[in-house]
Every structure is written in C-alpha cells, then in structure tokens.
**Student:** 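Take this structure, written in structure tokens, and hold onto it; I'll ask about it next.
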Amino acid sequence: MEHKYVPKDIEEKWQLRWENDKTFKVSEETDKPKYYLLEMFPYPSGRIHMGHVRNYSIGDVVGRFKRMRGFNVLHPMGWDAFGMPAENAAIQNKSHPATWTYENIAYMRSQLKKMGLSYDWDRELATCDLEYYRWEQKIFLEMFARGLAYKKTSFVNWCPTCETVLANEQVEDGGCWRCDSDVSLKELDQWFFRITNYAEELLENTFKLPGWPERVLVMQRNWIGKSFGCEIDFPIENGADAIRVFTTRQDTVFGATFMSLAPEHPRAMELTTADRRESVSAFIDKIRKTDRIKRTADDFEKEGIFTGSYCLNPLTKARMPIFLANFVLMDYGTGAVMAVPTHDQRDFEFAKKYDLPLKVVIQPQGETLDPSTMSEAFTDSGIMSNSGTFDGMKSDDAKEAIADYLQSRSAGTKTVNFRLRDWGISRQRYWGNPIPVIYCDVCGVVPVPEQDLPVVLPRDVVFTGEGGSPLAQMESFVRCACPSCGRAARRETDTMDTFVQSSWYFLRYCCPDYQDGILDRDRVDYWMSVDQYIGGIEHAVLHLLYARFFTKVLRDLGYIAADEPFTNLLTQGMVIKDGAKMSKSKGNVVDPDSLIKKYGSDTARLFSLFAAPPEKDLDWNDQGVEGSFRFLNRIWKLVHDRLDEIKGAAPVDVASLGPTERALRRAVHKTIRKVTEDVEGRFHFNTAIASVMELLNTLQPAEPGTPQSSAVMREALQSVILLMAPFVPHITEELWQRMGNTVPLSQTGWPEYDRNAVVDEEVTVVVQVNGKLRSKITVVSGTSEGELESLALADEKVVSFIAGKTVRKVICVQGKLVNIVVEQG
RNA sequence: GGCGGAGUGGUGAAAUGGUAGACACAGCAGACUCAAAAUCUGCCGAUUGCAAGAUCAUGCCGGUUCGAGUCCGGCCUCCGCUACCA
C-alpha cells in the first residue's frame with residue numbers, strides 16, 4: 001500500500017461508492033429526527049466559482065455532521081435555471097437557451113460531484129423543467145383567483161438593455177441588478193403579486209426569527225418600511241373636496257404653510273389655473289423625462305411650480321399655495337405632502353427658493369428659534385408653540401394628541417404606511433415561465449383552465465435580440481381560442497420573474513416526483529421548515545423576502561403548514577483575493593477545477609473552511625491552501641506510520657493507563673468536546689479544525705511503548721478521522737478503511753467525549769497582583785479557594801511584589817486565578 | 001442623513017468579564033542533503049535587558065469592576081444596506 005497521499009485516486013473512488021450506494025438518499029420513513037439543510041441553489045452560468053465552493057463546503061460540513069449525529073438529513077441540490085444570460089448566450093452563439101442551460105447544468109453537476117458533497121441527487125430539479133414550472137403556473141392561477149396576482153397599468157422600472165421590466169427590489173442604486181444600466185420609468189400594463197397584503201406579517205415575523213442574522217432582519221424591516229402617521233385632508237379653497245396628505249409629523253401641522261404635490265399627481269392639471277396651464281404642463285413633462293436616479297439623488301436641486309390654487313390648513317385655516325415639486329414621489333404615501341419649512345429640511349430649501357412663509361411651531365429646549373434667522377430646519381423634538389391649545393406640550397406627546405384631535409373632527413385619520421410595493425413579476429423575455437393567461441376581446445383576461453396546463457414554453461423560437469420578446473413575435477404561440485367563449489384570442493407573452501421560481505423550490509424538494517399537484521402536503525409538512533439555510537447576503541431583501549411571502553401564500557392556499565420557510569439562516573461572506581471580490585473583470589479568480597486537480601477537493605474544502613469563520617469574508621491565499629494540503633499529508637503520514645501498531649492494539653483500559661497515556665487521552669477527549677461544540681450551533685469551523693491540528697501536534701511526537709499507549713493512540717487516531725470526516729470526507733473515509741474498519745465512515749456515528757477523561761489532574765493557576773500577571777502556580781485540580789490563597793501568598797515571586805504592602809483583598813477563582821489587591825504602606 | 005456591522009502582530013485569525021495573539025500563513029535559525037526541494041526542530045507584538053525580568057500594547061477618550069479586546073457612554077475610521085419615504 002502506497003505511503004503517499006494522492007487525492008485524485010481516493011476521491012474518485014469514494015465519490016463513486018457514495019453514488020452507487022445512494023449513501024445520502026433520504027426518505028420520510030424513519031424514526032430519526034428530521035433535519036432539512038439547504039444551500040441556495042446556483043444559477044447554471046457555466047462553471048462553479050469559489051463562492052459556490054465555499055457555500056457548499058459549509059453546507060456539507062453541517063449535513064455530514066448532522067447525519068453522524070443521528071438526524072435524517074434532507075440535503076438537496078438543483079438549478080435556478082431560467083433567466084437572461086441563457087437568452088443572451090443563445091443570441092450570441094446562435095443556439096438555444098435550453099441547450100445552453102442544460103449543458104451548463106451537466107458540467108456544473110460534474111463539478112459539484114467532484115467536491116464530494118452529500119446531496120440526495122435523486123431530488124435534483126431545474127426550474128426550467130416542465131415538471132417544475134407547470135406547478136408554478138398552477139400557483140399563479142390560484143393566486144389570480146384570490147386576487148393575489150393582478151394586472152395594472154403603472155409606472156414601472158424599465159431596463160433598456162435587458163428590454164424588460166424590473167421589480168423595485170431589482171433596482172440597485174438606480175441601475176439594473178444584472179447589467180447595471182440606468183433604469184427608467186415606463187408606463188406599462190403589468191402583472192403584480194400582492195405582497196403588500198402580507199406587509200404586516202412579514203414585518204411582524206422578523207421579530208420571531210431568532211435564527212436569522214440581525215442585519216438581514218433589519219434590512220427587511222427597512223425595506224418593508226412601516227411608519228406610523230396620519231392622513232390629513234386639506235380642503236381646497238373654493239372647492240368641494242380636499243387634498244389628502246400622509247405625514248408622520250402631525251405635530252407640525254400648525255406650521256404647514258404650503259402644499260407640495262408629486263408632478264404625476266392625478267389632480268395636478270385639474271388644480272392648475274388657466275393662466276398657468278402651459279408652464280405647469282411643461283414642468284410635468286420635464287420631470288417625467290428626468291431619469292429616476294437623478295431625480296431621487298440626494299443633491300438634486302429642489303424645484304417646483306405654483307399651480308395657482310390654494311388649500312386651507314385644517315387647524316389654522318391659513319391659505320396654503322399648492323405647488324408641484326420634483327422631490328415629491330407619487331408612489332409613497334398619497335403623493336401629496338404638507339410643507340412645514342421650519343421643521344423639514346426639504347421644505348425649508350423649497351421655501352427659501354420660492355420665498356414662502358416660515359412659521360416655527362416647535363421650539364428646542366431652552367432656545368427660541370426665529371424664522372428670519374434660521375439657516376436650516378429644526379427637525380428634532382421639542383416644545384410646542386404657535387399651536388393653539390397644544391402649546392407647551394412636548395412635541396412627541398403632541399403627535400398623539402393632534403392625531404386624536406384631527407380624528408375627532410373628521411379632518412384626519414391615524415394610518416400606517418408601508419414602503420413596500422407590490423412585486424412586479426412580468427418580464428418581456430423568452431427564457432422564463434409563461435404567465436398562464438389569455439386575452440379575449442369579449443371576455444377580457446381569462447386564466448388558462450387547469451386542464452389546459454401547462455402552457456409549454458415553445459422550443460422553435462428565433463433569437464435575434466431585437467424587437468422585444470421572441471414569444472410575442474411567434475404567431476403560433478400568441479394565437480389561441482378564448483377558453484371561455486371560443487373566439488379568437490391572444491396569449492400572454494410575458495414570462496414570470498426568475499425570483500418566482502426560487503420562492504418555492506425548497507418546498508418542491510420535499511416531493512420532487514409528485515405528479516398529482518403542486519405539493520404533497522404530508523411530505524412537505526414532514527420536512528418543513530428548512531432547519532438551516534445557507535447563502536450569500538446579497539439576497540437579504542430579494543429572494544429571502546419573496547420566499548417568505550410565498551410560504552405565507554401557500555399556507556393560506558392550504559398547501560403547507562409552515563409560516564416561515566427558514567428557521568435558521570447563515571449568510572456566508574464573500575471570497576476575496578488581493579483586496580477585492582473575486583471576479584473575471586478584476587482578474588483575480590481562482591478556478592475550482594484547477595485547484596481540485598492540483599490538491600484534491602478535500603484540500604479545497606479544508607482551506608475554505610479553515611481560513612475564516614463562515615459569515616466573514618474569506619481572504620484567498622495560495623500559500624494557505626498549501627498549508628491545508630500539508631495538514632492532510634501529516635494526518636495521512638501519521639496514520640500510516642502507526643498503522644501496524646494500532647491495528648493490533650487492544651481496547652483502552654482506563655484503569656491501567658499511566659500518567660502520559662492519561663494526558664494524551666485527555667487531549668483527545670477535550671478535542672472531541674471542542675469540535676462538537678464548535679460545529680454544533682456555532683459553526684466555528686475554523687477553530688474546530690485548529691483544535692484538531694493542535695491534537696495532531698500533540699500526537700505526532702508520542703512514542704510507541706506499552707500496549708496501553710498503542711490502545712490510546714488508536715483511539716486518538718480514530719477520533720481524528722471521525723472529527724475531520726465532515727470537513728474532508730474522502731481522505732478520512734480512506735484512512736478509516738485502511739485502519740481496518742469494515743463499516744464505512746459515512747455510516748458511522750459521531751464520537752462522544754468521555755466526561756471522566758476530560759477532567760484535569762493538575763491545573764495552572766494564574767496569580768495576579770493588582771490585576772497584573774505576576775506568577776503561575778500548578779496545583780492539583782480541585783484545590784480549594786482557601787488553599788489557593790495561601791499558596792499564592794507564599795509564592796516567591798508574589799512575595800517580592802507584595803513585600804511592605806498591605807493586602808486589602810484576595811480574589812480566588814477555583815482552578816483559574818488568584819488576584820491579590822494590595823495597597824502601598 | 002438614517003440603520004446595521006467591524007476595527008487585535010508582517011498576514012488570515014483565536015480568546016463563557018479572568019494568562020491577549022490558540023491554530024495557520026509568511027519570515028528567521030538549525031537538522032537531514034554533495035546541493036536543493038520536501039520533511040522535522042526551535043524562534044517569531046513593540047521597547048529595554050547578557051539574562052531572569054520589566055514596561056507598553058486589542059482605533060481614540062472616559063466610566064463600571066479586584067480584573068475590560070470583551071460591559072457602558074462619547075468620538076474617529078472603514079465596510080454594508082438604505083435614502084428628497086414626507
């Protein structure tokens with residue numbers, strides 16, 4: 001048997017073995033407790049990158065560990081397979097998105113298999129499989145029936161490069177999340193999911209997810225953006241009705257001196273007086289053409305125009321000119337803002353520019369503001385003034401009081417406002433799930449009847465990259481009969497956002513072969529919720545919010561019991577090299593294929609787990625990879641050096657161990673304890689690995705001697721193998737076999753530490769004088785505090801430090817430390 | 001502007017309020033070798049000292065405590081998210 005560690009041979013051998021034995025196949029028929037482990041599935045872009053290696057290595061440690069701990073672990077893998085890049089590649093290569101996608105999946109699957117990941121490959125799915133997206137169409141129709149999917153005309157985010165609409169969540173910094181092009185607004189008739197119906201529950205439950213990182217929850221809360229305030233009606237002068245505003249600062253109503261409307265406000269033109277029509281409509285036009293990023297930029301100059309009309313302040317009856325202002329947004333609140341220039345910075349700047357009146361209604365504690373000398377708005381809380389009966393009140397209290405007052409006079413209502421908008425899901429692209437709807441001139445919008453599902457995405461499509469969606473240009477697809485009246489009708493040619501597919505794939509993994517409906521409830525309820533979800537932080541408000549929404553919808557539709565999809569969430573850090581995220585454009589990528597070819601996947605896995613804790617960014621370092629490889633070689637060598645000795649060793653007989661053997665065994669069992677604690681719950685894989693390295697450093701110099709020392713060595717090396725198994729499954733499986741074990745390591749349980757073995761016989765106690773380390777004493781474990789104190793006070797070094805001083809106090813911590821507090825004199 | 005997170009050796013990082021820097025990378029010295037690689041051994045925060053040791057040191061300033069990298073208050077810097085959200 002060769003003595004050199006050659007990863008390639010053993011890794012292929014064991015991967016084949018696991019695959020043939022279906023080692024990681026799971027079913028629901030077992031007494032073991034279930035554990036659903038999931039890593040975010042990849043987009044089949046072509047090849048896996050280091051981010052995948054890291055994500056799936058982390059997941060695999062958890063999966064293998066939980067299996068060894070006796071759990072029935074569901075650990076599936078699949079492909080987020082619809083999307084733009086496939087279409088772009090097809091246009092470029094004159095091939096088909098399906099061909100490109102399935103070829104990529106095949107290659108990436110082989111790459112993942114080379115990593116030795118413990119997936120149940122029988123549950124693999126790709127979202128572009130007809131068997132997947134057909135059920136999604138059914139979900140859509142059920143949502144449509146309940147009013148949770150609806151169509152409306154509105155201004156939507158338009159990416160000119162991708163030639164498609166984007167959801168709010170997919171606009172990053174004013175640009176497209178995929179191609180970074182500037183996003184503009186376009187008025188279109190589009191499909192939406194009514195996620196706003198769930199705003200309250202989505203927010204509420206962020207306080208019931210202790211297993212999620214706080215920052216992700218905070219991001220979601222900010223995104224949902226709940227604010228408490230008032231809707232207040234401002235009567236129009238000489239008009240029958242009023243303009244409604246939303247404000248969170250009803251304590252400043254007495255200071256409102258004018259009104260600002262969004263240029264898109266539906267009543268903008270109606271309120272404009274005849275003499276101003278021309279200039280106002282020119283202003284509205286100009287704002288519409290300004291792109292969204294510029295308009296919403298912080299430093300964009302505030303600009304507006306007077307409509308010629310006035311409204312009345314409901315509390316002061318003051319006459320307030322009505323303006324249109326470029327900084328007022330139509331899609332937040334009511335699209336109308338009461339302007340309080342003294343207490344809002346935007347209104348202040350606007351008032352200064354157009355010379356509008358300022359009135360202070362909140363005074364800071366111990367100060368008096370004068371409107372004529374103010375250089376900026378005072379936005380903090382303070383004491384009410386110029387506010388009638390509310391004068392003298394704290395402004396925070398006045399919020400409630402004024403809201404009540406307005407409500408009692410039917411001039412306003414307390415309301416809650418959300419920032420969250422409905423999710424626009426229409427995409428004007430081919431490679432996606434067709435929205436199962438038909439348009440009939442007579443019957444209107446008609447859902448495709450269930451028996452006609454699925455609407456199959458046609459294959460024989462021409463990709464030119466021009467003229468919008470290829471589906472819309474395909475007569476044979478578009479033309480159909482109205483399911484309701486039979487007349488000639490047109491099919492919807494938009495497809496669903498790819499985030500729809502990733503919003504429920506984790507449910508389908510529970511029953512991927514189910515033919516009779518969307519989900520097999522018994523199986524889904526057995527597995528759900530996902531016990532541990534692992535993926536990148538970049539999905540904090542996109543995928544992770546949508547998936548929560550879908551879970552609630554499917555619960556309410558009666559398909560599942562779970563309220564929340566993911567009980568615990570781990571967001572792993574990025575892979576960094578030379579100070580920047582690995583990317584092709586930076587030229588700092590390390591290719592997993594060549595890494596695995598050179599060192600084997602065990603080394604690739606080990607380094608990505610050892611170099612940093614999972615949630616932190618990982619700094620890639622080629623020499624560090626060498627170090628991990630070296631460590632595996634040391635394990636390999638040590639096991640082989642001791643092979644004959646340990647194969648013939650008797651079981652450990654605790655009673656007959658000498659002090660050296662007891663010490664060695666103590667180190668072994670302490671390591672078992674440490675690794676177990678680090679992996680379980682904490683996911684501190686780096687320190688877990690470090691502790692095994694330490695153990696190996698201890699074992700390496702140990703000389704063979706008595707039969708009992710060989711017995712301890714055997715226990716030690718078996719433990720090293722077991723403890724390293726979740727991290728580096730191939731080398732450990734191989735060594736396990738070579739050590740003479742007949743049951744494969746993948747069928748073996750996790751070691752338990754021996755409580756008696758970890759008890760120290762002697763401990764080093766630190767002696768401090770006034771908190772500074774002055775000496776160390778070695779004592780028998782269990783030495784009482786009183787004894788410790790006298791031993792410490794008698795210590796030679798301590799004596800020299802306390803000589804001539806008064807001992808004020810002695811603090812003793814058993815087995816740890818003595819602190820002697822002395823005073824001069 | 002708002003909200004989060006983080007700041008520890010040359011580097012990646014460790015430390016339930018109790019020995020700061022485990023483990024590793026890099027570096028230095030030595031062993032083996034004709035030589036090199038590999039491997040093994042030792043050293044490896046700063047200042048000072050022949051040494052034993054001493055002093056300083058976890059972004060900065062203060063506080064709580066016998067004792068603070070860790071807890072509290074105030075700043076500085078970096079990163080992330082969000083942002084004319086009324």
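Just so we're on the same page: letters track the sequence lines, and every chain starts at 1.
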**Student:** Please identify each residue that fulfils side chain to side chain contact (heavy atoms under 4.5 Å, CB included) with Ala351(A), with sequence neighbours left out.
**Tutor:** Phe258(A), Pro341(A), Leu356(A), Leu358(A)
**Student:** For Asp760(A) and Ser781(A), test the side chains for any donor-to-acceptor distance below 3.5 angstrom and give the result as yes or no.
**Tutor:** no
**Student:** Between rA22(B), rG18(B), rU19(B), which nucleotide gets closest to the side-chain atoms of Ala690(A)?
**Tutor:** rA22(B)
**Student:** Which value, rounded to the nearest 0.5 Å, describes the distance between Trp423(A) atom CH2 and Leu542(A) atom CG?
**Tutor:** 9.5 Å
**Student:** So what does Phe631(A) touch, heavy atoms closer than 4.0 Å: a base, only the sugar-phosphate, or nothing?
**Tutor:**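 Touches nothing.
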**Student:** Roughly how many Å is it from CZ in Arg215(A) to P in rU82(B), rounded to a whole number?
**Tutor:**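 Taking CZ of Arg215(A) and P of rU82(B), I get 12 Å after rounding.
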**Student:** Which of these nucleotides, rA86(B), rU16(B), rC81(B), is closest to any side-chain atom of Ser227(A)?
**Tutor:** rA86(B)
**Student:** Closer to the 5' end of RNA chain B via nearest nucleotide, is it Gly333(A) or Asp678(A)?
**Tutor:** Asp678(A)
**Student:** Measuring from the side chain of Gln700(A) (C-beta onward, heavy atoms only), which nucleotide among rU41(B), rU19(B), rC81(B) has the closest atom?
**Tutor:** rU41(B)
**Student:** With P as the reference atom in both, quote the distance from rG5(B) to rA86(B) in angstrom, rounded to an integer.
**Tutor:**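 So the two P atoms sit 22 Å from each other.
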**Student:** Between rA22(B) and rG45(B), how far apart are the two P atoms, rounded to whole Å?
**Tutor:**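 The answer is 8 Å between these two P atoms.
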**Student:** Counting only heavy atoms from other residues, nucleotides and ligands, does the tally under 6.0 Å from NZ of Lys353(A) exceed 12?
**Tutor:**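 Atom NZ in Lys353(A) is crowded, with more than 12 foreign heavy atoms closer than 6.0 Å.
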**Student:** Any side-chain N or O of Asn417(A) less than 4.0 Å from the OP1 or OP2 oxygen of rA86(B)?
**Tutor:** no
**Student:** With a cut-off of less than 4.0 Å, is there a side-chain N or O of Lys809(A) near OP1 or OP2 of rC66(B)?
**Tutor:** yes
**Student:** Output the rounded distance in Å from CD1 (Ile576(A)) to C1' (rA13(B)).
**Tutor:**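 Computing the Ile576(A):CD1 to rA13(B):C1' distance gives 16 Å.
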**Student:** On the side chain of Lys302(A), is there an atom forming a donor-acceptor pair with the base of rC84(B) - under 3.5 Å, no angle test?
**Tutor:**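 Between rC84(B) and Lys302(A), which were checked side chain against base, a qualifying N/O pair under 3.5 Å is present.
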**Student:** Does Arg346(A) have a side-chain nitrogen or oxygen under 4.0 Å from the phosphate oxygens OP1 or OP2 of rC85(B)?
**Tutor:**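 For rC85(B), OP1/OP2 do have a side-chain N/O of Arg346(A) under 4.0 Å.
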**Student:** Return no unless some side-chain N or O of Asn697(A) is found under 4.0 Å from OP1 or OP2 of rA22(B).
**Tutor:**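 Indeed not, no polar side-chain atom of Asn697(A) lies that close.
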**Student:** Have a look at Phe607(A) and say if it touches a base, only the backbone sugar-phosphate, or nothing, with a 4.0 Å heavy-atom cut-off.
**Tutor:**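 Counting heavy atoms under 4.0 Å across all strands, no contact is made by Phe607(A).
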**Student:** Between His543(A) and His539(A), what is the ring plane arrangement, given parallel below 30°, perpendicular above 60°, and tilted in between?
**Tutor:** perpendicular
**Student:** Side-chain N or O of Arg630(A) versus OP1/OP2 of rA26(B): is the shortest distance under 4.0 Å?
**Tutor:** yes
**Student:** Can you tell me how far C1' of rC66(B) sits from CD1 of Ile811(A), to the nearest Å?
**Tutor:**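 So the two atoms are 3 Å apart, to the nearest Å.
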**Student:** Write down the distance separating the P atoms in rG18(B) and rA68(B), rounded off to the nearest Å.
**Tutor:**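 These two P atoms come out 11 Å apart once rounded.
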**Student:** Does OP1 or OP2 of rA54(B) have a side-chain N or O of Arg774(A) closer than 4.0 Å?
**Tutor:** yes
**Student:** Would you say a side-chain N or O of Arg419(A) is under 4.0 Å from OP1 or OP2 of rA86(B)?
**Tutor:**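 Answer no for this pair, as no side-chain N or O of Arg419(A) is under 4.0 Å from OP1 or OP2.
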**Student:** Indicate whether OP1 or OP2 belonging to rA86(B) is found under 4.0 Å from a side-chain N or O atom of Arg244(A).
**Tutor:** no
**Student:** Measuring only the C1' atom in each nucleotide, how far is rG17(B) from rG63(B)? A whole number of Å is fine.
**Tutor:** 15 Å
**Student:** To the nearest Å, give me how far apart CD (Gln220(A)) and C1' (rG4(B)) are.
**Tutor:** 14 Å
**Student:** Using a heavy-atom cut-off of under 4.0 Å over every strand shown, decide if Val218(A) touches base, sugar-phosphate, or nothing.
**Tutor:** sugar-phosphate
**Student:** I want to confirm an ordering. Mapping Met693(A) and Asn770(A) to their closest nucleotides on RNA chain B, which one lands closer to the 5' end?
**Tutor:** Met693(A)
**Student:** Can you tell me, in whole Å, how much space there is between the P of rC66(B) and that of rC60(B)?
**Tutor:** 25 Å
**Student:** Quick one: which of rA13(B), rC84(B), rA24(B) gets closest to the side chain of Phe610(A)?
**Tutor:**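 When the side chain of Phe610(A) is considered, rA24(B) is the closest of rA13(B), rC84(B), rA24(B).
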**Student:** For Asp233(A), what residues pass the salt bridge (Lys or Arg N to Asp or Glu O under 4.0 Å) criterion, not counting sequence neighbours?
**Tutor:** Arg244(A)
**Student:** Within the structure shown, what part of the strands sits under 4.0 Å from Asp617(A) by heavy-atom distance: base, sugar-phosphate, or nothing?
**Tutor:**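 Contact class for Asp617(A): sugar-phosphate only.
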**Student:** As a test of reading the structure: which of rA24(B), rC66(B), rC84(B) is closest to the side chain of Val821(A), going by heavy atoms?
**Tutor:**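 Given the options rA24(B), rC66(B), rC84(B), the side chain of Val821(A) is closest to rC66(B).
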**Student:** Measuring only the P atom in each nucleotide, how far is rA36(B) from rC28(B)? A whole number of Å is fine.
**Tutor:**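 After rounding to an integer number of Å, I get 14 Å for this pair.
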**Student:** Can you check the distance between rU41(B) and rU77(B), where both ends of the measurement are the P atom (answer in whole Å)?
**Tutor:** 47 Å
**Student:** Could you give the CD-to-C1' distance, from Glu626(A) to rA37(B), as a whole number of Å?
**Tutor:**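 It is 12 Å, rounded to the nearest whole Å.
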**Student:** In this structure, which one of Phe685(A), Tyr599(A), Trp620(A) forms a ring-ring contact (aromatic ring centres under 6.0 Å, His included) with Phe607(A)?
**Tutor:**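 Passing option: Trp620(A).
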**Student:** Let me see the working for Glu200(A) and Lys226(A) under side chain to side chain contact (heavy atoms under 4.5 Å, CB included), right down to the final yes or no.
**Tutor:** CA-CA 8 Å; Glu200(A) 192 70 62; Lys226(A) 184 180 187 178; 2.6 Å; yes
**Student:** Quickly work out the Phe234(A) CZ to rA86(B) P distance and round it to whole Å.
**Tutor:**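 That distance rounds to 16 Å.
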**Student:** Is the glycosidic torsion of rG49(B) within 90° of 0, making it syn, or is it anti?
**Tutor:** anti
**Student:** rC84(B) C1' sits how many Å from Asp331(A) CG, rounded?
**Tutor:**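 For the pair Asp331(A) CG and rC84(B) C1', the rounded distance is 13 Å.
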**Student:** I want to verify a distance call: between rU16(B), rC3(B), rC23(B), whose nearest atom is closest to the Lys816(A) side chain?
**Tutor:**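 Nearest listed nucleotide: rU16(B).
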**Student:** Strictly below 4.0 Å, N to O, side chains only: are Glu303(A) and Lys286(A) in salt-bridge contact?
**Tutor:**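 Lys286(A) and Glu303(A): salt-bridged.
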**Student:** Would you mind classifying the nucleic acid contact of Gln768(A) as base, sugar-phosphate or nothing, using non-hydrogen atoms under 4.0 angstrom?
**Tutor:**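 Base, at least one base atom sits under 4.0 Å.
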**Student:** By the 4.0 Å heavy-atom rule, please label Arg634(A) as base, sugar-phosphate, or nothing.
**Tutor:** sugar-phosphate
**Student:** For rU8(B) versus rC79(B), give the span between their P atoms, rounded off to a whole number of Å.
**Tutor:** 14 Å
**Student:** Return the value, rounded to whole Å, for the distance between atom CD of Glu694(A) and atom P of rA24(B).
**Tutor:**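 So the two atoms are 8 Å apart, to the nearest Å.
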**Student:** Between rC85(B), rA15(B), rC23(B), spot the one nearest the side chain of Tyr332(A), thanks.
**Tutor:**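 Closest nucleotide among those given: rC85(B).
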**Student:** Give a yes or no answer on whether the side chain of Arg605(A) reaches the backbone of Val728(A) with a donor-acceptor pair at less than 3.5 Å.
**Tutor:** no
**Student:** My understanding is that only one of Thr247(A), Asp251(A), Thr252(A) makes a side-chain hydrogen bond (donor to acceptor under 3.5 Å, both in side chains) with Arg249(A); could you say which?
**Tutor:**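 Of all the options given, the one that passes is Asp251(A).
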**Student:** Pick base, sugar-phosphate or nothing for Lys637(A), based on heavy-atom distances below 4.0 Å to the nucleic acid.
**Tutor:** nothing
**Student:** Need one value for Asn819(A): base, sugar-phosphate or nothing, where a base atom within 4.0 Å counts as base even if backbone is also close, heavy atoms only.
**Tutor:** base
**Student:** Dot-bracket for RNA chain B, please. Rules: Watson-Crick or G-U, both distances under 3.5 Å, ( ) within the strand, [ ] when a pair crosses earlier ones, | for another strand, . otherwise.
**Tutor:** (((((((..(((.....[....))).(((((.......))))).((((....))))..(((((..]....))))))))))))....
